Asks: 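My structure is below; once you've seen it, I'll send some questions.
Lettering follows sequence order; numbering is per chain, from 1. Note that this is a predicted model, so its numbers are computed, not measured. The figures that follow rest on heavy atoms only: side chains count, while hydrogens, waters and symmetry mates do not.
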Protein chains: 2
Amino acid sequence: MAEGIRCVEQILENDLLDVVEIITDGSSDLSQFNRISKIDTYEVSITEMAAIADTETPQGVIAICRIPAEPTLDELIQTGSLIVALDALQDPGNMGTVIRTAAWFGAGAIIIGEGSVDPYHPKVVRSTAGATAALPIVRADLEAALEKLEEHQWNTYLLDAGKGSETISKTEFDAKTVLVLGNEANGISPSLVNPDRKKIKIEGTAEKVESLNASIAIGIALYELNRNTDWNSVDQSKKLT
Amino acid sequence: MAEGIRCVEQILENDLLDVVEIITDGSSDLSQFNRISKIDTYEVSITEMAAIADTETPQGVIAICRIPAEPTLDELIQTGSLIVALDALQDPGNMGTVIRTAAWFGAGAIIIGEGSVDPYHPKVVRSTAGATAALPIVRADLEAALEKLEEHQWNTYLLDAGKGSETISKTEFDAKTVLVLGNEANGISPSLVNPDRKKIKIEGTAEKVESLNASIAIGIALYELNRNTDWNSVDQSKKLT
């Protein structure tokens with residue numbers, strides 16, 4: 001369920017999701033999109049819209065979309081591009097922002113580990129601002145997934161603000177990188193930490209601020225990776241998107 | 001009103017805000033903080049807590065704090081450090097995250113322009129994760145404030161994803177930088193754009209993603225500024241915090 005005019009427009013414009021039907025209160029005009037004539041559209045009253053919508057103040061249009069097929073881990077291994085892995089990320093707003101940001105920086109896929117919020121929760125979809133299907137999302141047992149990727153020469157980096165972490169601006173990354181973001185309150189699960197996985201952090205200067213927001217941390221890490229990695233060496237044709 | 005155990009703990013630990021009273025449902029133990037004995041604490045029932053709290057699922061503790069005094073623009077001009085300016089930023093979660101991130105990277109102050117959400121809205125305070133008073137916040141007419149700062153040799157940079165913007169990783173910043181973040185949907189107000197103000201952007205690689213989230217954009221910009229500016233040249237003693 002994708003809610004809000006901008007989100008729905010993005011989905012229609014970029015042909016990112018299979019839209020099953022549109023529900024509208026008649027306030028939005030979507031006639032500029034060619035696809036719209038082939039999609040069942042239902043006009044409802046404002047009261048009905050309020051009952052259907054996930055938001056408290058509905059924006060008048062909802063697209064009901066099919067959840068995209070997930071690639072297998074074996075398919076992911078072939079992508080050769082950056083993978084973002086989420087370890088028990090619980091805030092829907094953070095999850096959506098991470099998906100949007102990873103898509104912006106051209107990540108190859110997102111792996112969503114157990115204990116994370118559902119990536120197709122309406123609030124997550126809203127926070128992606130229409131980027132939900134801009135890259136493949138795979139739900140998997142993260143421990144097993146990381147081991148499998150590492151068997152195929154992927155390198156795992158753990159975003160961890162704690163001791164023993166290397167400053168990200170001094171880290172060299174390989175094209176086959178898996179970047180792991182932990183839970184908002186507890187960070188990376190201890191079961192995922194091992195000496196072969198490099199811990200990286202984003203250094204600040206303030207003493208009285210405990211941490212960065214999780215989606216800000218991954219946003220900066222993705223920017224830094226994009227800045228200091230020779231992405232031309234990555235075969236873009238292998239990407240799954 | 002600061003809600004939630006982590007937010008309240010941060011405030012008590014860092015002595016950032018003047019706490020007037022604590023409201024608790026008895027589920028949290030704050031006895032490790034020395035300050036607590038001097039603060040009036042009221043224990044309420046879970047039903048009363050639900051009525052007082054701003055969140056739908058209250059976390060059992062609320063700190064009522066005094067809004068800090070705002071420095072004047074004349075005082076800001078003397079800081080010599082980076083200032084973040086928000087032009088009609090409307091989402092409380094974005095505002096809180098921007099305050100937290102600016103504090104993390106040691107910005108000197110935040111100017112909040114007209115049309116922005118109230119920085120002391122409970123949802124903003126929650127999103128700062130206790131960093132609300134970690135740097136001075138000034139509410140001002142942004143147009144007049146920028147002009148005044150520029151008269152005192154401050155340089156204004158507009159975060160703008162549109163045409164004619166320079167890639168941020170190639171931009172050189174001065175210590176006396178004002179970084180302006182625009183509205184989530186409409187960007188920077190046209191009245192703030194002029195040829196003396198450099199437009200900067202964060203480049204992505206994706207074609208099907210329209211933009212970055214506003215707080216992610218400012219987070220990356222602050223990281224980049226922190227990385228490529230010689231902050232040692234800034235007289236930290238002049239900072240207002």
Side-chain angles (χ1 to χ4, degrees), chain A residues 5-7 9-11 13-16 81 91 93-94 96-107 127-131 133-135 161 167-169 184-185 202-224 226-228 231 234 236 241, chain B residues 5-7 9-11 13-16 81 91 93-94 96-107 127-131 133-135 161 167-169 184-185 202-224 226-228 231 234 236 241:
Chain A
I5 183 66
R6 294 193 80 218
C7 194
E9 280 180 352
Q10 279 284 301
I11 287 168
E13 189 174 321
N14 294 320
D15 216 355
L16 288 173
S81 178
D91 181 79
N94 278 343
T97 306
V98 169
I99 294 170
R100 178 180 178 184
T101 311
W104 175 265
F105 284 117
S127 296
T128 67
L135 79 176
T167 300
I168 193 168
S169 60
E184 288 89 345
I202 296 150
E203 252 175 336
T205 55
E207 287 157 25
K208 295 198 168 182
V209 185
E210 200 195 40
S211 63
L212 283 174
N213 165 282
S215 63
I216 297 287
I218 202 94
I220 291 171
L222 288 168
Y223 167 79
E224 182 62 33
N226 204 50
R227 195 183 65 80
N228 85 12
W231 289 100
V234 178
Q236 295 289 330
T241 36
Chain B
I5 182 67
R6 294 194 78 217
C7 193
E9 280 180 352
Q10 280 283 301
I11 287 168
E13 188 174 320
N14 293 320
D15 217 354
L16 288 174
S81 178
D91 181 79
N94 278 342
T97 306
V98 169
I99 294 171
R100 178 179 178 185
T101 310
W104 174 265
F105 284 117
S127 297
T128 68
L135 78 177
T167 300
I168 193 167
S169 59
E184 288 90 344
I202 296 150
E203 254 175 334
T205 56
E207 286 157 25
K208 294 198 167 181
V209 185
E210 200 194 40
S211 64
L212 283 173
N213 164 282
S215 63
I216 295 286
I218 201 94
I220 291 170
L222 289 168
Y223 167 79
E224 182 62 34
N226 204 50
R227 196 183 64 78
N228 86 10
W231 289 100
V234 179
Q236 293 289 331
T241 36

Asks: Contact part of A:S211 toward chain B, heavy-atom cut-off under 4.5 Å: side chain, backbone, both or neither?
Replies: both
Asks: Checking heavy atoms, do the side chain of A:E9, its backbone, both or neither come under 4.5 Å from chain B?
Replies: neither
Asks: What heavy-atom pair brings A:A103 and B:V209 nearest, and what distance separates the two atoms?
Replies: CB-CG2, 3.4 Å
Asks: Report the option among A:T101, A:L212, A:T167 that has the most heavy-atom pairs separated by less than 4.5 Å from atoms of chain B.
Replies: A:L212
Asks: Using heavy-atom distances under 4.5 Å, tell me whether A:A131 contacts chain B through its side chain, its backbone, both, or neither.
Replies: side chain
Asks: For B:E13, which residues count as a side-chain contact (heavy atoms from CB on, under 4.5 Å) partner, sequence neighbours excluded?
Replies: B:F33
Asks: Ignoring hydrogens, what is the shortest heavy-atom contact between A:I216 and B:T97? Give both atom names and the distance.
Replies: CG1-CG2, 3.4 Å
Asks: With a 4.5 angstrom heavy-atom cut-off, which part of A:E210 approaches chain B: side chain, backbone, both or neither?
Replies: both
Asks: Of all heavy-atom pairs between B:N213 and A:R100, which one has the smallest distance, and what is that distance?
Replies: N-CZ, 3.4 Å
Asks: Using the test side-chain hydrogen bond (donor to acceptor under 3.5 Å, both in side chains), find all partners of B:E224 that sit at least two apart in sequence or belong to another chain.
Replies: A:Y223, B:R227, B:N228
Asks: Heavy-atom distance under 4.5 Å between the side chains of B:F105 and A:I202, does that happen here?
Replies: yes
